[in-house]
Number of protein chains: 2
Amino acid sequence: MVGIKDVARAAGVSVGTVSNVINRPDMVAEETRDRVRSAIRRLGYVRSESARQLRAGRSRIIALLVLDMANPFFVDVATGAERAAREAGLGVMLCNSAQSAAEEADYLSLFAEQRVRGVLVTPVDESGRNLADFDRHGIAYVSVDRAVPSGTGCSVSVDDVRGGGLAVRHLLDQGHREMAYVSGSMALTQCRDRYTGALGVLAEAGTDAQLRHVEVERLDVAAGRDAGARLLGMSPRPTAVFCANDLLALGVLQALYGAGVAVPDEMALVGYDDIEFAAAAAVPLTSVRQPAYRMGRAAADLLIEETGDAAAEHAHRRIVLQPELVVRDSSMST
Amino acid sequence: MVGIKDVARAAGVSVGTVSNVINRPDMVAEETRDRVRSAIRRLGYVRSESARQLRAGRSRIIALLVLDMANPFFVDVATGAERAAREAGLGVMLCNSAQSAAEEADYLSLFAEQRVRGVLVTPVDESGRNLADFDRHGIAYVSVDRAVPSGTGCSVSVDDVRGGGLAVRHLLDQGHREMAYVSGSMALTQCRDRYTGALGVLAEAGTDAQLRHVEVERLDVAAGRDAGARLLGMSPRPTAVFCANDLLALGVLQALYGAGVAVPDEMALVGYDDIEFAAAAAVPLTSVRQPAYRMGRAAADLLIEETGDAAAEHAHRRIVLQPELVVRDSSMST
DNA sequence: GAATCGAATTGAAACAATTCATTTTCGGTA
DNA sequence: TACCGAAAATGAATTGTTTCAATTCGATTC
């Protein structure tokens, strides 16, 4: 493997000069610069990141640990983060905790060994234990899609309480009184917050409308299908369903379609996230849109600020973005 | 930052012993081992991957560069690869070339600097120029979802010619004579191969059935919507459409639905990949299933074999997996 | 009591870059 | 000719780990 020494020898200069050609070309005389560059090309020299890193004490990579790569929502977040990182000359290591606290812990220690520049993470473990370790090791992190207790770190999230409210207010406005909320365990912040918002709207409206909770194991299409079957068996059968994400909603929609239940006439449906497939569904889905791409960008920007040259004057910030209701056919009788 | 020297000092042993405790615990006396381990815990020591790497000359990370992260097909490939890699104690760096040859080149040189263990890549640049560089630098790679010229390297792919044939034979069997093929440019191997297979079946059947090509810019849902609009304007209007992937098919389906064209009665539809959303569509999509997860696993396994201890006896292999037609409502009149 | 052996431990070299205090070079000036 | 200053180039030190030849230390054997 050809190293900087080989280049130096080939070009008849010292290793310091080769390094200068690469990192501060202005410092080197033009003639020397050309000689070195042609040697680099001729030998096919590629500098070793590990050696640079070892010297610098940290890498040029930021890690992004998401909850579920099969969910296009997180792919959008990743795309936003990646764009911002690459503009700053950093690489992104994208990983999937698949909602497992064990996987999360594994990855976080991998990141620590890698001395990554920082971590963007949608935490599985709400206790924040895993992240506390990061504080101890001085690794910067930004919590994505999950607010973090004040003062502990940066976060970028969407106002889920508000989002839940938007969905249920819309259904109330359509005259629904028997509603259901399909989500994962209330131990998951996003499921809990959306529920809280939904209940808040009900209380505020002073209505006797019901919102029954249907809990599912996982937040994917298959779980949505199961939930759909359970909804059909409920008595009284709900006339409107709010799902904690679009994957669930698509699953519910499929179950309803299979059972010949008309959407929205017999049952209205509202999802959450507004992934591309929501708009592409059989009956286009009404959904609470989250600015996923912007969230990814904002999170990466925060991290870059925190770990950049001006790191000294960095103060932890919590950014909260606003969701937006996108009404489509699945909740509007025509 | 606490290093191995600090641990050695705290435990009253040499750095070599600390290293042995971490890497070959059997070599160290129990009493010493415990002392070192407790020092590690007490100081919060995390070993530096970059230093290990520098010494070892290569990293413990394999890179996976996919064409389009927004396509669930590639997410499945990534999941398979990641599983295999983690079982072998390696990390995965997942990146998205977004079908851009420039992005691809950028990432490949990033990987070279990182001295990654190896690269799994779905090449954008068919010329293989980018990969030739890898040969020169001795970086192992496996081409995923794309066969590679014999002898140049490993590859895992799916028999796309066969897949295209399956789709069109099915449509012929349903009695269709006016068909269309929606895909990206024929410069893309997978689009070309599927077309070749489709035409092959037509020729073999000795029919006068038509298969007109509708070319789109990108392979996503939005492009599918455009294609759908164009299909509706064709004369004679095709009675069956085969799409080069499911995203296109979902877009076409949506356009047809919007125009009130019944699927499959007025127009039958067959997709490719069999992503989860294909089965979850308004009209569940008939699709040519690719074993994405298995492909990812197989590719990672090949790479691990090539870069492992038994690397010497490694011979490049080309694995070709078989696609399978999954018939659903979108192509079967009931 | 010396020789031998094996297990445990040591410590220096090597990895490939960056950095920075020195040194060299060279044109211009006194 | 000697000297000065700026620009260019040098090369040793540094980073944190792994590896391995060498050393130490008891216990066992003769």
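Letters A, B, ... mirror the listed sequences (proteins, then strands); counts begin at 1. Since this is a predicted model, take the numbers as computed values, not measurements.
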Interatomic distance where [atom1] belongs to [X] and [atom2] belongs to [N] [whole Å]:
X: B:Gln114; N: C:dA16; atom1: CD; atom2: P; result: 16 Å
X: B:Ile22; N: D:dT17; atom1: CD1; atom2: C1'; result: 9 Å
X: A:Tyr45; N: C:dT18; atom1: OH; atom2: P; result: 6 Å
X: A:Arg24; N: D:dA9; atom1: CZ; atom2: P; result: 14 Å
X: A:Gln53; N: C:dA17; atom1: CD; atom2: P; result: 13 Å
X: A:Asp6; N: C:dA17; atom1: CG; atom2: C1'; result: 13 Å
X: B:Lys5; N: D:dT17; atom1: NZ; atom2: P; result: 9 Å
X: A:Arg60; N: C:dT18; atom1: CZ; atom2: P; result: 11 Å

Indicate whether OP1 or OP2 belonging to [N] is found under 4.0 Å from a side-chain N or O atom of [X].
X: B:Asn20; N: C:dT9; result: no
X: B:Ser14; N: C:dT9; result: no
X: B:Ser48; N: D:dG16; result: no
X: A:Thr32; N: D:dA9; result: yes
X: B:Arg115; N: C:dA16; result: no

Q | Presence of salt bridge, B:Arg317 and B:Glu306, under 4.0 angstrom | A |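 No salt bridge links B:Glu306 with B:Arg317.
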
Which part of the nucleic acid does B:Gly3 contact within heavy-atom distance under 4.0 Å: base, sugar-phosphate only, or nothing?
sugar-phosphate

Using a cut-off of 4.0 Å on non-hydrogen atoms, how would the nucleic acid contact of B:Thr17 be classed: base, sugar-phosphate, or nothing?
base

Out of [options], whichever nucleotide has its closest atom nearest the side chain of [X]:
X: B:Ser19; options: C:dT18, D:dT18, C:dT10; result: D:dT18
X: A:Val28; options: D:dT17, C:dT9, D:dA9; result: D:dA9
X: A:Asn23; options: D:dT17, C:dA16, C:dT18; result: C:dT18

**OP:** Give a yes or no on whether a donor-acceptor pair under 3.5 Å exists between the nucleobase atoms of C:dT18, that is its base, and the side chain of A:Arg55.
**Re:**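 It does, because a donor-acceptor pair links the side chain of A:Arg55 to the base of C:dT18 below 3.5 Å.
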
query: Under 3.5 Å, is there an N or O donor on one side and an acceptor on the other linking the side chain of B:Arg52 and the base of D:dT17?
result: no

- prompt: When rounded to the nearest 0.5 angstrom, what distance separates CE in B:Met295 from CZ in B:Phe73?
  reply: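 One gets 3.5 Å once the value is rounded to the nearest 0.5 Å.
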
Is the NZ or CZ atom of A:Arg86 both under 6.0 Å from the centre of the six-membered ring of B:Tyr107 and within 45° of that ring's axis?
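Judged by the rule, A:Arg86 and B:Tyr107 form a cation-pi pair.
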
Would you mind reporting whether B:Val77 and B:Asp145 have side-chain heavy atoms less than 4.5 Å apart? no

* To do: With the side chain counted from C-beta on, respond yes when A:Arg47 and A:Arg52 share a heavy-atom pair under 4.5 Å apart, and no when they do not.
  => yes

Item checked: Test log, rule side chain to side chain contact (heavy atoms under 4.5 Å, CB included), inputs A:Leu131 and A:Tyr141 -> CA-CA 8 Å; A:Leu131 291 177; A:Tyr141 64 86; 3.9 Å; yes

Review point. B:Asp26 or A:Val2: which one's nearest nucleotide on DNA chain C is closer to the 5' end?
Key: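 The residue closer to the strand's 5' end, by nearest nucleotide, is B:Asp26.
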
